[in-house]
Engineer: 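Got a structure here, written out as structure tokens. Questions coming.
All chains are named by letter (A, B, ...) in the order of the sequence lines, taking the proteins before the strands, and each is independently numbered beginning at 1.
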Number of protein chains: 4
Amino acid sequence: MSASTSTQSASRAPRQDNRRQQLLDAAARLFRERGYHVTSMRDIAREVGMLSGSIYYHFSSKEEMLLAVYEEGLRHIAELVDAAVAARNTPWARLEAGCTAHLEALLELSDYTQVMIRVLPPEGGKVAARLLDLRDQYEARFRGLVNALDLPAGADRRYLRLLLIGGLNWSHVWYHPGGDPPAVIAHRMIDLLRQRLDRAPNTPSAR
Amino acid sequence: MSASTSTQSASRAPRQDNRRQQLLDAAARLFRERGYHVTSMRDIAREVGMLSGSIYYHFSSKEEMLLAVYEEGLRHIAELVDAAVAARNTPWARLEAGCTAHLEALLELSDYTQVMIRVLPPEGGKVAARLLDLRDQYEARFRGLVNALDLPAGADRRYLRLLLIGGLNWSHVWYHPGGDPPAVIAHRMIDLLRQRLDRAPNTPSAR
Amino acid sequence: MSASTSTQSASRAPRQDNRRQQLLDAAARLFRERGYHVTSMRDIAREVGMLSGSIYYHFSSKEEMLLAVYEEGLRHIAELVDAAVAARNTPWARLEAGCTAHLEALLELSDYTQVMIRVLPPEGGKVAARLLDLRDQYEARFRGLVNALDLPAGADRRYLRLLLIGGLNWSHVWYHPGGDPPAVIAHRMIDLLRQRLDRAPNTPSAR
Amino acid sequence: MSASTSTQSASRAPRQDNRRQQLLDAAARLFRERGYHVTSMRDIAREVGMLSGSIYYHFSSKEEMLLAVYEEGLRHIAELVDAAVAARNTPWARLEAGCTAHLEALLELSDYTQVMIRVLPPEGGKVAARLLDLRDQYEARFRGLVNALDLPAGADRRYLRLLLIGGLNWSHVWYHPGGDPPAVIAHRMIDLLRQRLDRAPNTPSAR
DNA sequence: AATGAATGAGTGTTCATTCAT
DNA sequence: AATGAATGAACACTCATTCAT
């Protein structure tokens, strides 16, 4: 988690944006563990052996740190999902691969991606809009994935996407490391959607 | 605001715990609007025309207020869901009615219920465990509702429940008042599950 | 200076706005001695045996304290000047009495009035405008006093007022307690204006 | 901005202490505009495209910068006043010329000179005494100018000087660029002193 | 049942200054 | 001659909480 032990290759060279990255790692972890408001700049600084004031050399405010974490998290999860999707070729397989990658990033791989799900942006802040924008931008992928499916006439693609994304994202509430791995979770959920669950003959339609 | 069946007896002492209820209403609203950490005791007190110190006559701490809001919210949503479910008699209809009631409480009816979804419990606090407990207790209903369904052999009832609950709860992220009403949302999502979405002949099973 | 030892008359009764007044006294003194920016809220609090946060029960911000000091100072000096002026009846005597009272308040009597002269209002703040307004309002008195004089035709009343006020106010730079008292200073300065200083016969006019 | 006669010689090393002068110019401007305490070293550095730490190659502290600004401002205004005075030959004309030059420097020409009037020296600092010393030294000129006047017997030369200097210096409070130019202001004020203002026959003397 | 006044720890942020490079 | 990075102390201000009245 959070590549802190970055095997400092050669000499003791203080690499370029060394500390900024460390700070971001620490912020991502603390934001995820405790939430944005409860985490103080002092907490973050202490984590990397700095004083709180020193953070401001690297970031101009706490909100800007959150934004940076969001952006980094988004870049990361988007890459993973895109790669996973590209490796498959039938629509359902591509969707499932995307879901699996999404879940893996969310549940296991990185603090950054979890922040995106768990931290609701600070209300009044000017960053709030930007954060929601980033999230939308990312989720657009799933719109494409769902649109590519060959569905029966009446199926509502929009709610299919929302149901699936919600089901996946909510996993942070009930998931625990010992349980089914992300791939299994994603597979099972998609399976439920692909097959007919209602065994009664009458079509479930009219309200 | 928010039902709170305060059996208001006829006689001279009509408002047994008047102010406590007002405080709780204010807290629920502010917790929902701004989040738990951003809302201050002063904010809550001001809302009912009190000074912040006076709250402590009614509640022993801010966390205890959150707990009370959770409990009240839970009692409320549980009542609504139970009533809605009782009015139907086929398993799928009962599930859908439960989902509709759940969504309505979540999105439209009461600040109390929304707090349950939007406010993640304060980390270190001793209440955190209790809050999760309450939530589990409530969701147990849906376990029952799903278990009552007549499903095909391979269907995973646990993930069906988690997918559905997640899909519903995540709605607070994308829902906006002008859009489809809760009943429509619930209906559409359940519809997606009941019917076969995969039009290909081969069973979607092997991974 | 600054009526701190207010012979706490009867019992130990914590009189009504006791502490607010103490705080204001301390603020006035420190603002005068060190200037606004250099004085910290901690300094002010320490002076009255409080913690810095406690000030905010009485004042909502540091700027508001400054405003309160200005207002109090202004009320005070205006009262003194008005009373002194009212006791005389020829125009020159009234002007001189006003100047004496102004100087006394400025140099000897109260921290509050000195703040008005020595502290230039914090630039960006919203109070700046209000403070200048108060100052103008006060100085209007002198406009009246000068207008009442029976002057030769060419005399510029506006610059007479500005010269006099400037001469008086600048005294805080060179005044020291052992020297001439305010009454003497005011008398000498006015004297210089009343009499003809230029002994040459030609009128000092054309430039 | 601000004359600073930096005799820029032709050859290859044109800018003997280029950056130091730029820094001083920036400091003078900011000190005048915002005041000493409100101006940060970062502000000054940014103005010349430097980092704040780099200033310390040129100046050993912020206070030293202020001292340098004072000194430069003083040298400048003294030169202007001396030149203006030298061009006249009657005592009153010399005084008026000096006042005009003083006002011009103060109100229009240079940030450096304005700092001398507007910035009150930081209290505790060791520079405070030195700054006052410089100011006295400069004002000594006006002592000479006043002493050269042929005045009536009772006229108090000291207060004449203080009244005049105060009246001039206080102009920074009420002066605004569109109004009368410095020459007019100085002329009017001196005029008021030269002529007899009190039209009553009795000498204004006894206290 | 509530107020007025305060506490004490903590908040995000700013600052003059330092120093190895 | 200047940078990049950091320090450590300070800043104005906020907060949940307490308690005598």
Engineer: What is the distance, to the nearest angstrom, from the CZ atom on C/Arg19 to the C1' atom on E/dG4?
Structural biologist: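 Roughly 12 Å, once rounded to whole Å.
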
Engineer: What's the spacing between D/Leu66 CG and D/Tyr36 OH if we round to 0.5 Å?
Structural biologist: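 These two atoms lie 5.5 Å from each other.
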
Engineer: If you assign A/Thr39 and C/Met50 each to the DNA chain E nucleotide with the nearest heavy atom, which residue ends up on the more 5' nucleotide?
Structural biologist: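 Its nearest nucleotide lies further toward 5', so the answer is C/Met50.
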
Engineer: Relative to the 5' end of DNA chain F, which residue comes earlier, B/Val38 or B/Gly53, by the nucleotide with the nearest heavy atom?
Structural biologist: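 That would be B/Val38.
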
Engineer: Which residues pass the side chain to side chain contact (heavy atoms under 4.5 Å, CB included) test with C/Ala27, not counting sequence neighbours?
Structural biologist: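 For C/Ala27 the side chain to side chain contact (heavy atoms under 4.5 Å, CB included) partners, ignoring immediate neighbours, are C/Phe31, C/Ile44, C/Met65, C/Val69.
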
Engineer: Between A/Leu23 (CG) and F/dA5 (C1'), how many Å, whole number?
Structural biologist: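 Going from CG in A/Leu23 over to C1' in F/dA5 covers 11 Å.
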
Engineer: Name the nucleic acid region contacted by D/Ser52, choosing base, sugar-phosphate or nothing; use a 4.0 angstrom heavy-atom cut-off, strictly under.
Structural biologist: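 Base: the residue D/Ser52, judged by heavy atoms under 4.0 Å, touches a nucleobase.
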
Engineer: Can you check the D/Tyr57 OH to E/dT18 P distance for me, whole Å?
Structural biologist: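 Taking atom P of E/dT18 as the reference, OH of D/Tyr57 is at 16 Å.
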
Engineer: Salt bridge check: are C/Glu33 and C/Arg118 linked by an N-O gap of less than 4.0 Å?
Structural biologist: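 Between C/Arg118 and C/Glu33 there is no salt bridge, as every charged N stays at least 4.0 Å from the carboxylate O atoms.
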
Engineer: Round to the nearest Å and state the distance from D/Leu51 atom CG to E/dT21 atom P.
Structural biologist: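 The answer, rounded to whole Å, is 18 Å.
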
Engineer: Just how far, in rounded Å, is P of F/dC15 from CG of B/Asp43?
Structural biologist: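 After rounding, the reported distance stands at 7 Å.
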
Engineer: Output the rounded distance in Å from NE2 (D/His37) to P (F/dA10).
Structural biologist: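 It is 16 Å, rounded to the nearest whole Å.
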
Engineer: Without decimals, in angstroms, what is the distance between C/His58 NE2 and E/dG4 P?
Structural biologist: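 Atom-to-atom, C/His58 to E/dG4, this comes out as 12 Å.
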
Engineer: Classify the nucleic acid contact of D/Ser40 as base, sugar-phosphate or nothing, counting any heavy atom under 4.0 Å across all strands shown.
Structural biologist: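 Answer is sugar-phosphate: D/Ser40 comes under 4.0 Å of backbone atoms only.
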
Engineer: Given F/dA1, is OP1 or OP2 found less than 4.0 Å from the side-chain N or O atoms of D/Ser54?
Structural biologist: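 No, D/Ser54 has no side-chain N/O under 4.0 Å of OP1/OP2 on F/dA1.
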
Engineer: With nearest nucleotides of DNA chain E determined for A/Lys62 and D/Lys62 from heavy-atom distances, which residue corresponds to the more 5′ nucleotide?
Structural biologist: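 Its nearest nucleotide lies further toward 5', so the answer is A/Lys62.
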
Engineer: Which heavy atom of A/Leu134 sits nearest to which heavy atom of A/Leu74, and what is that distance?
Structural biologist: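 Smallest interatomic distance, heavy atoms only, reads O-CD1, 3.4 Å.
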
Engineer: Between C1' on F/dC19 and CD1 on B/Ile55, what's the gap in Å once rounded to a whole number?
Structural biologist: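 One finds 16 Å between C1' of F/dC19 and CD1 of B/Ile55, rounded.
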
Engineer: Among residues at least two apart in sequence or on other chains, which ones pass salt bridge (charged side-chain N to carboxylate O under 4.0 Å, His left out) with B/Arg135?
Structural biologist: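 By the salt bridge (charged side-chain N to carboxylate O under 4.0 Å, His left out) rule, B/Arg135 matches no residue at all.
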
Engineer: Quick one: CG on B/Asp25 to OH on B/Tyr112, what's the gap to the nearest 0.5 Å?
Structural biologist: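 Atom-to-atom, B/Asp25:CG and B/Tyr112:OH are 3.5 Å apart.
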
Engineer: Restricting to non-hydrogen atoms, name the atom on A/Leu23 and the atom on A/Val48 that form the minimum distance, rounded to 0.1 Å.
Structural biologist: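 Heavy atoms of A/Leu23 and A/Val48 come nearest at CD2-CG2, 3.7 Å.
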
Engineer: Looking only at N and O atoms, is any donor in the side chain of A/Arg42 or the base of E/dG10 less than 3.5 Å from an acceptor on the other one?
Structural biologist: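 Answer is no: no donor-acceptor pair is held.
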
Engineer: Could you write out DNA chain E as a dot-bracket string, with dots for unpaired bases, | for bases paired across to another strand, and Watson-Crick or G-U pairs counted at under 3.5 Å?
Structural biologist: .||||||||||||||||||||

